[in-house]
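Below, read A as the first sequence line, B as the second, and so on, with proteins coming before strands; counting in each chain starts at 1. A quick note: this is a predicted structure, and the numbers were derived from the prediction, not measured.
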Amino acid sequence: LTELFAAEDTVGKRRTAPVKQSTIEVRGCRLNVRRAGKGEPLLFLHGAQGLNGREPGLEALTESCDVIAPDHPGFGRSADSELIDDAGDLAFFYLDLLNVMEIDRVHLVGQCIGGWVALEMAVRTTERIASLVLVNSAGIRVKGVPRADMFVCSQDELMKMLFAGQGADEWLASWRATPDMEDIYDRNRAAAAKYSWSPRLFNPKLERWLHRVDVPTHIIWGEDDRVIPPAYATALKGLIAGATVTMLPSSAHLPHIEQPQAFASEVARFIRSAAR
Amino acid sequence: MPYAHLDMTYTQKHRAAWVVLPNTYFDPKKGHELYNRYLDELELVAETGFDGISVNEHHQNAYGLMPSPVVMAAALSRRTKNAKIAILGNAFCLREHPLTLAEEHAMIDCITGGRLISGMVRGIGAEYYSLGVNPTISHARFQEAHDLVVQAWTRPGPFAFEGKHYHFEYVNVWPRPYQQPHPPIWAPSTGSTETIEWAAHPSRKYVYLQAYSPIVSVARYLNYYRECAQRMYGYTASSDQIGWSTPVYVSDTDQKARDEAKAHIEVLFNKLLRLPFEMIFPPGYLSMKSLKNMRSHKRSVSGQEHTVDTLIEQGIMVCGSPDTVRKQFMDTHRTLGFQNLLCLMQFGTLPRDLTEKNIRLFAREVLPALQGLTDKEYGGMEVRAAE
């Protein structure tokens, strides 16, 4: 993995806020963490596609928040960890990360698998969690609602699942920019499969403990998502006391990429309202 | 063991003959006839002097109707007397309880008085969609399932098995296998370096069987086994550790063989082996290193339209008159050294009469010459280098 860590990240240079990229060791796992912006700490937990440094929704959030965006273990430029097999392990791992970083209060924003991890953290303890934003989140299964499979499909089909509009070509091009990025794309697919293959994208036991989520929770959903359809937003709202929902039009699975301004302003508005 | 009655226009509606092809395409009445026909053909193979007959496992597809090769092996156990019955293989690691297969293999070994060859495979990528097992841990589970099964066959029970993926309080398999310490284990594969290195290990020295590949790939992987043995483990692999599996068709002349095999072998490769990249290699099924290798060597078995001519040219199939086929196998043995040869005598839509003719002609004209080959006829590294 040394070449991954040594590789130069040139992507940060085009950002408005300077991005600090560092390696933080948690439980023996070297975690690659991007951090930018000023304000209350916000931990962004990415989804199955990982991060490629071109997430305009996160960039927009740096105007109001101290955005902390790690690559999950096994994704991007983070190391693998033998301690982590599933979303529940990732939850304990990120609670440990908050300890290591000495963050007492954090806004959690999780998309897809990241939303699932955020929920797993919150049912364990909300001691340090100020608020929770779930974006097209995995974690539960709504019976009878068919979902499109991100793994079995061709790349063309996948792009149609992830994007409602025309953003796929540009996004895909950013993954094809260098051989290093191409490797990370493959690595991310494998890591996503490791954590979410079976049962696909959910933990059957999670739903029965969601009453423990006792922090302000907002649900943001790209309404054209077929990977995790909008019925899941409704179901999560019913399972988490006081949760609110905003549906984002013209967006599918990746609202932080496809509708960055709407995504960021929704998150920022909610975090302001949730501030103590 | 293909579903030969498949409506081949399925390709207009479905992207694969695996995983997503609706099972409404399968007619159980035609299935009944096919199963019995294929069993007849396998029994004929045993009667005509082949050393063994082989069955294998694939799930939820039209390519092969054997989700459980154990069922077929059991059916053959009592209908054959001398032939080895080779299950090549069973995917023990696809099971939550690999011991059920360990029991079944031991039963067949006892019933046949030690005629079982036990192949262990990971299963191809499609299996991981069909059975829901996580592909990212398949190597680890494969190796652990193997350890569990070998211990179950060899260690006095009951004992507890304490693995990462498998945990059992009582491992105490009844019956124990007839062959001691256990039936021969083979490792069939389409060319995973991890599997080759594992099979060649001195504690195992399992027969590595390369299946469905252009002859350049067969050569690369079989030689890699020998190189592993020499360089990683410091011993010289013998030809009886090496195997090759390929479709074979013989007829009176080269041209006649080509003409007779053409439609049927093309269906096999273009219709029944229709598997998109994402299906054959789900994420994490291959290590990053193997994935890059695979991408750069662009596999030529699936993903391209084949004709009987391209299949013969690339050495994916062996087809011709008895003289041609005999010579090709003997020459290849001289350069690659394989003492185990698996001939796929029925393929695609090849009908009963041509299959039987193929079996009988091969048994009479080709087989005797090959059965006499040993390590002595293998030319070794020097011959390979010179050529």
Side-chain angles (χ1 to χ4, degrees), chain A residues 1-4 47-50 72-77 79-87 89 113 141 146-161 175-176 179-204, chain B residues 11 13-22 59-61 93-96 122-141 144 163-167 194 274-296 302-303:
Chain A
L1 270 178
T2 42
E3 78 275 20
L4 289 184
Q49 279 67 41
H72 301 328
F75 278 86
R77 300 181 200 284
D80 285 308
S81 171
E82 291 197 348
L83 298 177
I84 299 169
D85 292 331
D86 58 29
D89 292 332
I113 289 173
R141 176 87 196 223
R147 299 174 304 175
D149 184 2
M150 288 188 282
F151 296 126
V152 82
C153 61
S154 69
Q155 192 168 70
D156 283 354
E157 292 169 71
L158 178 62
M159 291 308 118
K160 284 176 200 151
M161 286 178 201
W175 287 108
R176 296 275 170 268
D180 191 36
M181 291 298 287
E182 287 187 318
D183 286 351
I184 289 178
Y185 182 86
D186 287 337
R187 190 164 189 258
N188 288 355
R189 273 179 67 84
K194 179 182 178 187
Y195 301 137
S196 72
W197 189 266
S198 185
R200 191 77 103 245
L201 288 170
F202 77 110
N203 168 5
Chain B
T11 52
K13 290 185 198 150
H14 303 283
R15 55 197 282 259
W18 300 63
V19 185
V20 295
L21 182 65
H59 296 269
Q60 303 190 9
N61 70 89
C93 60
L94 287 177
R95 272 66 175 184
E96 293 305 312
R122 284 202 291 157
I124 68 164
E127 261 65 91
Y128 289 78
Y129 288 103
S130 295
L131 297 190
V133 175
N134 195 318
T136 66
I137 54 169
S138 84
H139 271 300
R141 245 171 85 125
E144 193 172 308
K164 176 170 161 65
H165 304 284
Y166 296 111
H167 317 270
E194 288 85 354
R274 194 178 170 87
L275 269 168
F277 189 86
E278 295 79 10
M279 231 175 246
I280 196 164
F281 301 122
Y285 175 81
L286 297 176
S287 66
M288 287 294 287
K289 191 177 129 205
S290 294
L291 180 63
K292 287 179 102 163
N293 270 338
M294 204 59 83
R295 284 244 162 89
S296 61
S302 65

Item to check | Minimum heavy-atom distance between Glu157(A) and Arg15(B), given as atom pair plus value | outcome: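 So the two residues come closest at OE2-NE, 3.4 Å.
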Checklist entry - For Thr136(B) and Ala193(A), which heavy atoms make the closest approach, and how far apart are they? => result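 Closest approach of Thr136(B) to Ala193(A), heavy atoms only: CG2-CB, 3.8 Å.
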Next on the checklist: Within the structure provided, determine whether Lys164(B) and Asp85(A) are in side-chain contact (heavy-atom separation under 4.5 Å).
Outcome noted: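 In short, these two side chains touch, coming nearer than 4.5 Å.
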Checklist entry - For Tyr129(B) and Asp149(A), what are the C-alpha separation, side-chain angles and deciding distance, and is it a side chain to side chain contact (heavy atoms under 4.5 Å, CB included)? => result CA-CA 10 Å; Tyr129(B) 288 103; Asp149(A) 184 2; 4.1 Å; yes
Checklist entry - Yes or no on side chain to side chain contact (heavy atoms under 4.5 Å, CB included) for Glu278(B) and Ser154(A), after CA distance, side-chain angles and deciding distance? => result CA-CA 7 Å; Glu278(B) 295 79 10; Ser154(A) 69; 4.3 Å; yes
Next on the checklist: Assess the residue pair Asp183(A) and Met288(B) against the criterion (side chain to side chain contact (heavy atoms under 4.5 Å, CB included)); give the C-alpha distance rounded to whole Å, side-chain angles, the decisive distance to 0.1 Å, and a yes or no.
Outcome noted: CA-CA 8 Å; Asp183(A) 286 351; Met288(B) 287 294 287; 4.2 Å; yes
Checklist entry - Is it the backbone or the side chain of Asn188(A) that comes under 4.5 Å from a heavy atom of chain B, or both, or neither? => result neither
Checklist entry - Based on non-hydrogen pairs under 4.5 Å, which of Asn134(B), Val133(B), Val20(B) is most in contact with chain A? => result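 Looking at each option in turn, the highest pair count goes to Asn134(B).
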Next on the checklist: With a 3.5 Å distance limit and no angle check, can you tell me whether Trp197(A) reaches the backbone of Pro283(B) through a side-chain donor-acceptor pair?
Outcome noted: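 Pair absent, no side-chain N/O of Trp197(A) close to backbone of Pro283(B).
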Item to check | Donor-acceptor contact below 3.5 Å, side chain Ser198(A) vs main chain Gly132(B) | outcome: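 Present.
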